[in-house]
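Letters A, B, ... mirror the listed sequences (proteins, then strands); counts begin at 1.
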2 protein chains.
Amino acid sequence: MAGPAKIKDIAARAGVSPATVSRALSDTGLVAEPTLSRIREVAQSLNYRPNVSARNLRTQRSMAVLMVVRDVGNPFYLEIMKGVEATARAAGYSVLMGNTENNAEREVEYFDMLRDGHADGMILITGKLPWSVQESRQHLHGLPVVVALETIEGLGLPHVQIDNVGASRAAVEHLIDLGHERIAHISGPVPEVMSVKRRDGYRQAMSAAGLAIPDGYEPVGDYLLHSGETLCRALCERPDPPTAIFVANDEMAFGTINELRRLGLDVPGDVSVVGFDDLFLSQAFYPPLTTVRQPRAEIGQEAMRQLLRVLTGDLTEAETLEMPTALQVRGSTARAKPI
Amino acid sequence: MAGPAKIKDIAARAGVSPATVSRALSDTGLVAEPTLSRIREVAQSLNYRPNVSARNLRTQRSMAVLMVVRDVGNPFYLEIMKGVEATARAAGYSVLMGNTENNAEREVEYFDMLRDGHADGMILITGKLPWSVQESRQHLHGLPVVVALETIEGLGLPHVQIDNVGASRAAVEHLIDLGHERIAHISGPVPEVMSVKRRDGYRQAMSAAGLAIPDGYEPVGDYLLHSGETLCRALCERPDPPTAIFVANDEMAFGTINELRRLGLDVPGDVSVVGFDDLFLSQAFYPPLTTVRQPRAEIGQEAMRQLLRVLTGDLTEAETLEMPTALQVRGSTARAKPI
DNA sequence: CTGAAAGCGCTAACAA
DNA sequence: TTGTTAGCGCTTTCAG
């Protein structure tokens with residue numbers, strides 16, 4: 001016998017029809033006992049595996065979902081991926097990773113994969129959709145897509161999110177509680193929704209405490225190490241340098257702290273720094289980073305759960321799940337020095 | 001029209017047979033010009049996408065490859081993944097990520113995916129195969145599998161590797177050049193091939209310099225942060241604590257440095273530390289980590305290239321590619337203090 | 001250069 | 001409970 005065994009081979013050896021084999025192997029409960037175990041044995045001995053293409057073609061489903069992120073290279077997404085994968089596996093789905101590199105064409109490609117049968121549904125972790133809205137509506141309406149972490153407005157898609165505004169406000173309040181007044185914010189690439197929300201949280205906290213935000217106290221970064229360094233330097237060269245910085249993600253916070261050190265400033269002695277994300281290395285960093293913890297694995301889990309509900313028709317209207325965050329107070333923040 | 005357009009729909013609208021449409025759309029050069037562009041236009045306007053299951057079933061290929069790693073959660077694999085993906089895409093393949101979690105069953109599962117048509121080939125980045133050798137031989141012989149970074153011996157599989165022994169030796173020689181004599185090694189989980197090789201490099205360098213390796217100077221870790229901390233502490237509590245430590249990977253090195261700091265020791269003032277991997281955060285770490293850089297993206301690229309050659313039948317016998325490494329000397333190593 | 005026809009391997013009506 | 005039959009959408013001989 002050349003190549004892998006087919007259902008027909010099993011049928012022949014077991015002396016039954018292909019249909020019976022199919023039924024036996026997929027646990028429909030429609031096959032009687034003497035036959036059932038015989039088929040199973042034969043399948044086992046032939047080392048049988050159903051051909052997925054044939055099955056998918058016939059059933060019109062791929063039993064796969066697509067998880068699309070901006071950049072697979074970012075460790076931040078990994079734990080989410082794990083959460084997604086675990087839940088998907090348990091339901092018999094496999095997970096394909098998609099990587100857009102912030103490239104509109106590639107995003108479209110992944111949407112196309114839904115239509116061409118590559119995947120049955122999609123978990124989107126990218127914030128912007130590049131096409132004109134009407135086109136989007138056409139494509140998106142009724143598509144099995146769940147948005148995680150980011151926000152895509154006006155399309156009625158289910159979301160799994162965190163309270164970016166509240167979490168940021170809490171982070172900044174922590175700095176205010178420590179007596180800081182000149183608090184700057186290194187933001188993500190506004191006007192992306194997530195970055196705007198984190199900046200809003202910062203502004204709310206400042207305003208509630210009656211603190212002013214000087215011009216230029218909200219430089220815009222790109223969530224990468226290097227921009228943390230550059231923007232921190234600019235901030236420190238001002239006549240009114242901050243005594244604390246709330247940075248929109250951990251990676252930029254690492255850059256910020258490094259730059260402060262290079263400038264001869266002590267963290268947290270001279271300047272306090274708070275990040276956002278709680279990467280697994282953040283507590284191994286020196287000083288251990290005070291940062292906002294997101295329940296990443298749970299976010300992935302919930303996103304996949306939602307998607308399963310969409311896929312089974314249980315979930316018809318868009319629902320937004322909000323997952324809790326927690327400020328991890330560690331060594332990068334301290335009381336403001338008395339003036 | 002319900003559902004996505006099929007080849008038949010295009011054929012109908014263009015007034016040709018399905019066969020011609022198929023030929024036109026797959027650029028076989030067998031379709032004449034008036035027809036060709038008409039078909040393309042119709043396909044475009046119908047927003048046609050070929051159904052992958054049908055195509056795969058017919059062609060007996062999935063145009064997908066599987067990249068299997070121990071732990072997707074490890075950022076170390078990400079850049080490799082990127083290299084693999086870029087090369088795969090260019091050749092029209094997509095990449096599926098597999099995650100074994102060091103679980104034998106799951107490894108088998110991924111091998112099965114080759115047989116059931118999920119993927120056409122596989123890039124394996126796990127060091128051990130759990131099954132009895134004869135079984136392995138049956139399964140593996142002639143399978144389109146390329147091993148990257150790790151080593152699987154005796155099965156005649158193509159490999160893409162680095163010189164773990166040489167790189168480790170060079171790392172330790174760097175410490176010796178700095179005047180260190182009491183140099184310890186925190187190893188990976190021996191007897192895994194990679195861990196053994198790195199330890200061998202350490203031993204070779206020590207022996208070549210005529211330096212002794214006291215009992216207990218080679219504690220065995222698991223490549224995770226925490227074991228770096230624990231093992232470092234044990235090392236420092238000895239009557240003859242090391243003045244330098246060569247750690248088998250960066251993650252454990254981070255743990256090591258943190259623990260040293262906790263013990264009130266300065267890095268590199270009191271103890272020098274060298275890692276292995278050069279994670280993207282290693283230069284952002286404090287102090288910036290001296291470590292062995294591996295060309296990760298290139299490793300992924302080459303592994304995929306090899307796999308493509310296997311897939312096209314260009315590569316028939318096992319070939320082992322060795323990629324260069326480079327010691328990145330940064331701030332975590334310094335001259336030994338005079339005694 | 002184009003069309004007709006067969007079939008990839010599987011599952012799901014419909015019959016028996 | 002099992003078998004018969006048809007067909008998922010595509011590509012590829014084989015004819016013309």
Side-chain angles (χ1 to χ4, degrees), chain A residues 1-40 42-43 46-64 92 112-118 120, chain B residues 1-40 42-43 46-64 92 112-118 120:
Chain A
M1 186 181 29
K6 301 172 289 182
I7 232 175
K8 218 198 292 183
D9 302 324
I10 301 178
R13 292 223 193 178
V16 294
S17 78
T20 306
V21 175
S22 171
R23 285 189 279 249
L25 263 28
S26 46
D27 280 323
T28 50
L30 297 175
V31 180
E33 199 19 87
T35 331
L36 186 59
S37 28
R38 185 154 37 94
I39 293 178
R40 284 195 180 141
V42 176
L46 254 41
N47 220 308
Y48 172 76
R49 288 228 98 203
N51 178 303
V52 287
S53 301
R55 167 179 287 170
N56 292 349
L57 176 58
R58 180 62 232 233
T59 59
Q60 307 282 37
R61 313 188 304 159
S62 62
M63 295 305 280
D112 285 342
M113 288 176 70
L114 289 188
R115 291 193 303 137
D116 69 22
H118 251 116
D120 299 332
Chain B
M1 186 180 31
K6 300 172 287 184
I7 233 175
K8 219 198 287 183
D9 303 322
I10 301 178
R13 292 225 194 177
V16 293
S17 76
T20 305
V21 175
S22 171
R23 285 189 279 249
L25 262 29
S26 47
D27 280 323
T28 50
L30 297 175
V31 180
E33 198 21 86
T35 331
L36 186 58
S37 26
R38 185 155 38 94
I39 292 177
R40 285 194 180 141
V42 177
L46 255 42
N47 220 310
Y48 173 75
R49 288 228 99 202
N51 177 302
V52 288
S53 301
R55 167 179 287 170
N56 292 350
L57 176 58
R58 181 62 231 233
T59 59
Q60 307 281 41
R61 312 189 304 162
S62 63
M63 294 306 280
D112 284 342
M113 289 178 69
L114 289 187
R115 292 193 302 137
D116 69 23
H118 251 116
D120 299 333

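Going from atom CD1 of B/Ile10 over to atom P of D/dG9 covers 13 Å, rounded to whole Å. Counting to the nearest Å, the C1' atom of C/dG7 and the CG atom of A/Asn51 are 13 Å from each other. Straight-line distance from the CZ atom of B/Arg115 to the P atom of C/dC10: 12 Å, rounded to whole Å. In this structure, CZ of A/Arg55 is placed 17 Å from C1' of D/dG7, rounded to the nearest angstrom. Remark: C1' of D/dT5 and CZ of A/Arg58 are 11 Å apart, rounded to the nearest angstrom. In this entry the distance linking CG of A/Asp116 with P of D/dG9 reads 13 Å, nearest Å. Atom NZ of B/Lys6 and atom P of D/dC10 are 8 Å apart (whole Å). Rounded to an integer number of Å, the gap from CG of B/Asn56 to C1' of C/dG7 is 16 Å.
Of the residues in residues 15-26 of chain B, those placing a heavy atom less than 4.0 Å from an atom of DNA chain C are B/Val16, B/Ser17, B/Ala19, B/Thr20, B/Arg23, in numerical order. Contacts between residues 29-39 of chain A and DNA chain C, counted as heavy-atom distances below 4.0 Å, involve no residue at all.
Each end of the helix from C/dC1-D/dG16 to C/dA16-D/dT1 gets its own axis from five base pairs, and the two axes differ in direction by 30°, given to 10 degrees.
In this structure, CG in B/Asp120 is found 10.5 Å from CD in B/Gln60, a value given to the nearest 0.5 Å. A/Arg49 CZ to A/Leu25 CG: the interatomic distance, rounded to the nearest 0.5 Å, is 11.0 Å. Residue B/Ser62 holds its OG atom at 7.5 Å from NE2 of A/His118, rounded to the nearest 0.5 Å. Taken from CG in B/Asp27 to CG in B/Leu36, the straight-line distance is 7.5 Å, to the nearest 0.5 Å. A distance of 14.5 Å separates CZ of A/Arg58 from CG of A/Asn51, quoted to the nearest 0.5 Å.
Listed pair B/Gln60 / C/dG9 meets the phosphate criterion, a side-chain N or O lying under 4.0 Å from OP1 or OP2. Contact check, B/Tyr48 against D/dC10: a side-chain N or O comes under 4.0 Å of OP1 or OP2.
A salt bridge links B/Asp112 to B/Arg115: at least one charged side-chain nitrogen sits closer than 4.0 Å to a carboxylate oxygen.
When each of A/Ile39, A/Val21, A/Val42 is tested with A/Arg13 by the rule side-chain contact (heavy atoms from CB on, under 4.5 Å), just one qualifies, namely A/Val42.
Candidate nucleotides C/dA12, D/dC10, D/dC8 were compared by shortest atom distance to the side chain of B/Ala54, and D/dC10 ranks first.
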List the steps and the verdict of side chain to side chain contact (heavy atoms under 4.5 Å, CB included) for B/Thr35 and B/Arg38.
CA-CA 5 Å; B/Thr35 331; B/Arg38 185 155 38 94; 3.9 Å; yes
Pair B/Asn56, A/Asn56 - check side chain to side chain contact (heavy atoms under 4.5 Å, CB included), show working.
CA-CA 10 Å; B/Asn56 292 350; A/Asn56 292 349; over 6 Å; no
As a quick check of understanding, evaluate side chain to side chain contact (heavy atoms under 4.5 Å, CB included) for B/Val16 and B/Val31, giving each step before the final call.
CA-CA 11 Å; B/Val16 293; B/Val31 180; over 6 Å; no
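The two residues B/Gly117 and A/Val52 make their nearest non-hydrogen contact at C-CG2, 3.8 Å.
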